[in-house]
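One structure below.
Note that these values count all heavy atoms, side chains included, but never hydrogens, waters or copies made by symmetry.
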Amino acid sequence: MSESETNADVPPYRYTAALAAEIEPRWQDFWSGHGTFHAPNPTGELADPGHPRAGAPKLHVQDMFPYPSGAGLHVGHPLGYIGTDCYTRYKRMAGYNVLHPMGFDAFGLPAEQYAVQTGTHPRITTEANVERYRGQLRRLGLAYDERRSFSTTDPEYYRWTQWIFLQVFNSWFDPSDARAKPIEILISQFEAGERETPDGRAWAELSGVERRQVINDHRLAYVSEAPVNWCPGLGTVLANEEVTPDGRSERGNFPVFKRSLKQWMMRITSYGDRLVDDLETLDWPEPVKLMQRNWIGRSQGAHVDFPIDGDDVISVFTTRPDTLFGATYMVLAPEHTLVDSVVPAAWPEGTKPVWTGGHASPGEAVAAYRAEAAAKTEEERTADAKVKTGVFTGAYATNPVNGARIPVFIADYVLAGYGTGAIMAVPGQDGRDWAFAEVFDLPIIRTVQAPDGFDGAFTGDAPAINSDWLNGMAVADAKAAMIAWLEEHGHGRGATTFRLRDWLFSRQRYWGEPFPIVYDETGLPVALPESMLPVVLPDTDDFSPRTFDPDDEHSEPETPLSRKKDWVTVELDLGDGPKTYTRETNTMPQWAGSCWYELRYLDPRNDKALVDPENEAYWMGPKDSADCGGVDLYVGGVEHAVLHLLYARFWHKVLYDLGHISSFEPFRKLFNQGYIQAYAFRDARGVIVPAEEVVERDGKWYFGEQEVAREYGKMGKSLKNVVTPDDMSEQYGADTFRVYEMAMGPLDVSRPWDTRAVVGSQRFLQRVWRLVVDEETGVVRVTDEPLDPATRRVLHRTIDGVREDMDELRFNTAIAKLIQLTNTLTPLGTTAREAIEPLVLMTSPFAPHLAEELWRKLGHDDTLAYADFPVPDPAQLVAESVTYPVQVNGKVRGRVEVAPDTTEDAVRAAALESVAEVLAGREPRKVIVVAGRLVSVVV
RNA sequence: GGGGCCGUAGCCCAAUUGGCAGCAGGCGCAUGGUUUAGGUCCAUGACAGUGCGGGUUCGAGUCCCGUCGGCCCCA
């Protein structure tokens with residue numbers, strides 16, 4: 001209870017938490033009962049031609065949907081949801097047909113782990129958590145179209161997740177026009193002989209199984225026997241990004257081993273170029289785009305072949321083929337397969353002592369160095385600061401551009417798993433190579449003109465030098481010329497490489513989407529037909545994958561579904577009569593359901609298609625030929641900057657290529673909201689104490705009589721500093737909580753939670769309430785008296801500013817302007833409807849329940865959700881006069897007040913006159929008039 | 001180690017994008033009025049020169065360089 005309620009003399013009609021608790025549920029019932037926030041579709045079951053916004057310009061705003069955890073929401077979680085709610089309520093009033101849905105990302109590990117511990121089926125836990133979330137969100141007055149809500153665990157939803165998997169499985173990426181196509185096209189190309197088989201035999205000569213294998217190797221979803229991250233402690237394999245740099249699982253911190261296992265993969269690497277290039281079309285925060293670019297890691301350059309003594313060739317990838325003339329040595333990863341075959345019996349002539357590591361023969365030196373390198377982590381090996389180590393192999397390679405013999409080293413700063421595991425070293429233009437060359441006394445040849453006096457490797461752009469036919473060319477031109485030369489002479493070819501790997505798509509888990517895949521007697525996968533979807537996740541009471549001793553590297557994964565023998569073995573007629581098949585027992589990763597949910601919101605009840613093309617085109621289609629389409633505003637945390645957004649973009653592009661949708665990007669505009677953080681307190685023993693019970697005295701903090709130390713961190717159970725939206729609704733009302741969250745700072749900035757400050761937002765709403773309602777009598781005070789001209793100008797300036805702020809998601813400044821307007825009206829005792837109705841309307845996106853209540857009291861019968869948002873009168877925005885400060889040499893020395901349309905010359909003259917005394921006859925050297933701002937005089 | 005973001009009153013934040021740093025706003029604090037009340041409401045007020053050091057400019061919180069501190073991403 002708030003303090004005001006404890007007092008007997010609170011005016012009976014004051015806006016208090018108790019009153020909010022009465023108003024808020026009532027309006028929530030009204031909205032859901034009237035379907036107030038239903039958004040009409042152009043076609044299908046959700047079409048509604050009679051809707052006030054049918055056919056209006058659309059706006060599709062979406063939040064990153066939550067994983068419904070058992071802990072429920074704290075005040076940090078709904079920050080973005082409230083932000084989008086305020087924005088969409090405003091836009092709806094401003095005339096848009098607004099789609100603002102919410103759903104739940106409900107598959108995932110925590111529910112499964114809880115199930116393993118307690119025996120409660122994950123579906124039970126998940127559904128209970130979803131209900132709790134729905135209740136919490138409803139209580140905040142969030143205006144969702146509840147008809148469009150779903151969980152990724154709903155069979156009607158994951159039916160389409162499986163359907164998309166089939167689309168991916170049944171297509172291949174045609175590099176000739178860089179897009180996915182139906183697999184039938186590939187098959188017909190093989191059949192027609194337009195495409196050669198891998199081993200050159202005619203298609204007709206291949207057996208049925210061989211043909212299937214060839215085709216399977218082209219599919220965008222494929223089974224691969226590939227090195228994966230096997231985590232015995234979790235009993236599952238993990239994607240690279242789920243493994244920490246020190247080789248442990250992000251979840252659970254168990255050891256992870258590289259193992260070759262059969263797993264489903266998605267060929268996201270085929271889309272590397274488009275995933276990079278199309279970032280240009282997106283209105284996303286630059287840091288997020290940069291993170292995506294870095295993650296994809298596209299390098300454009302060339303493969304270059306260096307012959308070595310004997311018949312072998314060392315192939316390297318370089319992004320700087322223009323610097324080939326400066327390649328003075330080569331480095332192989334210590335693990336490189338060629339190392340053994342190139343090492344001679346003895347050190348060759350000309351071996352410098354420092355190259356040998358003190359060993360008598362190359363064989364010994366290499367063996368010793370390999371042992372050393374094997375003991376280091378990847379992190380230790382590539383840390384740039386450390387002293388470069390390495391050893392000469394005794395072998396020489398030939399630089400193809402000039403025939404120079406260059407020594408071949410092994411060094412641990414080159415990694416076997418990266419690129420070709422070998423580099424050409426160009427110390428003149430690469431810092432790591434420079435450092436290595438200095439240690440090992442290797443020649444340094446500059447091939448790019450460094451500035452005079454420049455020391456060290458020069459990586460900038462300048463004309464080529466010491467490079468024969470490249471001399472004088474800028475880096476880009478020299479690269480192109482060198483690639484052409486390499487290709488012409490058979491020494492290499494232009495190439496693009498990516499850091500991005502194919503996406504490991506299978507998990508040994510229960511609580512995920514089953515694959516729509518079975519295996520026949522050949523052991524090859526067979527896609528189920530669409531008519532058999534969904535493949536429903538079978539019930540079980542045995543949820544856990546078999547886990548092992550965390551250090552047992554040689555254990556084999558065993559999935560929970562594989563134990564459901566009656567489900568795994570299935571008789572089906574897939575076109576050639578009833579046969580026995582074995583089901584795929586892996587499940588999809590949690591990313592799957594969130595990879596496409598933006599599309600399902602558009603047409604959630606469509607059981608004929610994932611989304612009707614007309615509905616997709618309306619809500620997400622491109623605005624013009626240059627536009628990528630997609631959600632108009634997508635709000636969520638930066639933690640999804642790479643993975644979720646990359647995977648969603650990938651699937652979206654596949655669906656686009658296959659003609660199912662018209663947009664080629666899922667999220668046109670992205671906004672990262674900040675986090676609400678909170679203080680936590682620790683006593684002398686270092687134990688966290690409940691933040692709620694800590695009091696501040698003289699800049700120190702006390703828990704009881706004990707002084708405690710303050711720290712700053714995430715809100716959470718472990719720091720005992722959780723504040724929930726439910727607490728806030730009880731103490732102040734949801735509207736006050738909403739206003740506070742929006743007013744405390746810009747949406748994209750993280751800030752500390754401070755419950756004590758919430759009262760400021762409550763006072764604001766109380767003042768707004770008081771402008772309409774007499775606190776003593778409950779009578780509406782508003783009259784039709786005209787507003788005085790000065791206040792009218794304030795009103796219209798406020799309207800103008802608020803609209804601008806709302807459009808830019810600057811809710812904190814919009815609220816400040818509303819408070820300012822309120823504080824202007826309050827002391828004047830204003831009762832004019834002309835001012836108060838616009839104030840109520842402008843407040844409504846932030847405090848919708850209070851505003852609806854006041855709107856009703858002001859005599860309106862219906863919801864204000866579709867009332868026109870106030871529009872400023874341009875005539876009222878013109879200032880009566882402008883005051884120019886006049887600076888002399890940077891200091892304000894005078895002021896002039898002039899009419900707004902005064903010419904620049906007249907302003908100048910008036911300004912000079914106003915500072916004539918300061919100038920004391922000195923002639924101004926320069927007079928700068930900044931229209932509407934100030935005048936600056938320089939003497 | 002590389003890359004990115006951010007440092008403005010005791011605190012959360014404004015500052016029209018290079019133009020008078022705060023009658024943007026809020027919390028807290030102080031004073032006065034209302035009051036049985038230190039609560040409520042109303043009114044008034046104090047507190048920083050923008051982390052630090054340079055530079056560009058008539059003019060820098062805003063741009064550039066360096067430096068310190070915090071957060072994030074990648075190795």
Arg770(A) side chain near rC42(B) phosphate (N/O to OP1/OP2, under 4.0 Å): yes
Under-4.0 Å side-chain N/O to phosphate OP1/OP2 contact, Gln766(A) with rC41(B): yes
Proximity of Trp753(A) and Tyr675(A) rings by center, below 6.0 Å: no
Say you pick atom [atom1] in [N] and the same atom in [M]; how far apart are they, in whole Å?
N: rU8(B); M: rA14(B); atom1: C1'; value: 10 Å
N: rG51(B); M: rG7(B); atom1: P; value: 8 Å
N: rA9(B); M: rA15(B); atom1: C1'; value: 15 Å
N: rA24(B); M: rC41(B); atom1: C1'; value: 23 Å
N: rC11(B); M: rC29(B); atom1: P; value: 15 Å
N: rG18(B); M: rC27(B); atom1: P; value: 32 Å
N: rC72(B); M: rG66(B); atom1: P; value: 24 Å
N: rC68(B); M: rC52(B); atom1: P; value: 15 Å

First of Pro827(A) and Asn889(A) reached from the 5' end of RNA chain B, by closest nucleotide: Pro827(A)
Residue met sooner reading RNA chain B from 5', once Trp295(A) and Val938(A) are mapped to nucleotides: Val938(A)
Rounded distance (Å) that lies between atom P of rA15(B) and atom CG of Leu934(A): 18 Å
Whole angstrom value for the distance that separates C1' of rU16(B) from CG of Asp800(A): 11 Å
For [N], give its Watson-Crick or G-U wobble partner with both distances under 3.5 Å, or none.
N: rG45(B); value: rC29(B)
N: rA37(B); value: none
N: rG69(B); value: rC6(B)

List, with names and distances, any nitrogen or oxygen atoms from the protein found under 3.5 Å away from nitrogen or oxygen atoms belonging to nucleotides 23-27 of chain B.
unit_1	atom_1	unit_2	atom_2	d
rA24(B)	O2'	Gln820(A)	OE1	3.0
rG26(B)	OP1	Asn823(A)	ND2	3.3
rC27(B)	OP1	Arg763(A)	NH1	2.5

Any side-chain heavy-atom pair of Leu839(A) and Thr822(A) under 4.5 Å: yes
Would you tabulate the pairs of protein nitrogen or oxygen atoms and nucleotide nitrogen or oxygen atoms of nucleotides 3-6 of chain B closer than 3.5 angstrom?
none

Counterpart residues, side-chain contact (heavy atoms from CB on, under 4.5 Å), relative to Glu897(A) (two or more places apart): Ser881(A), Thr883(A)
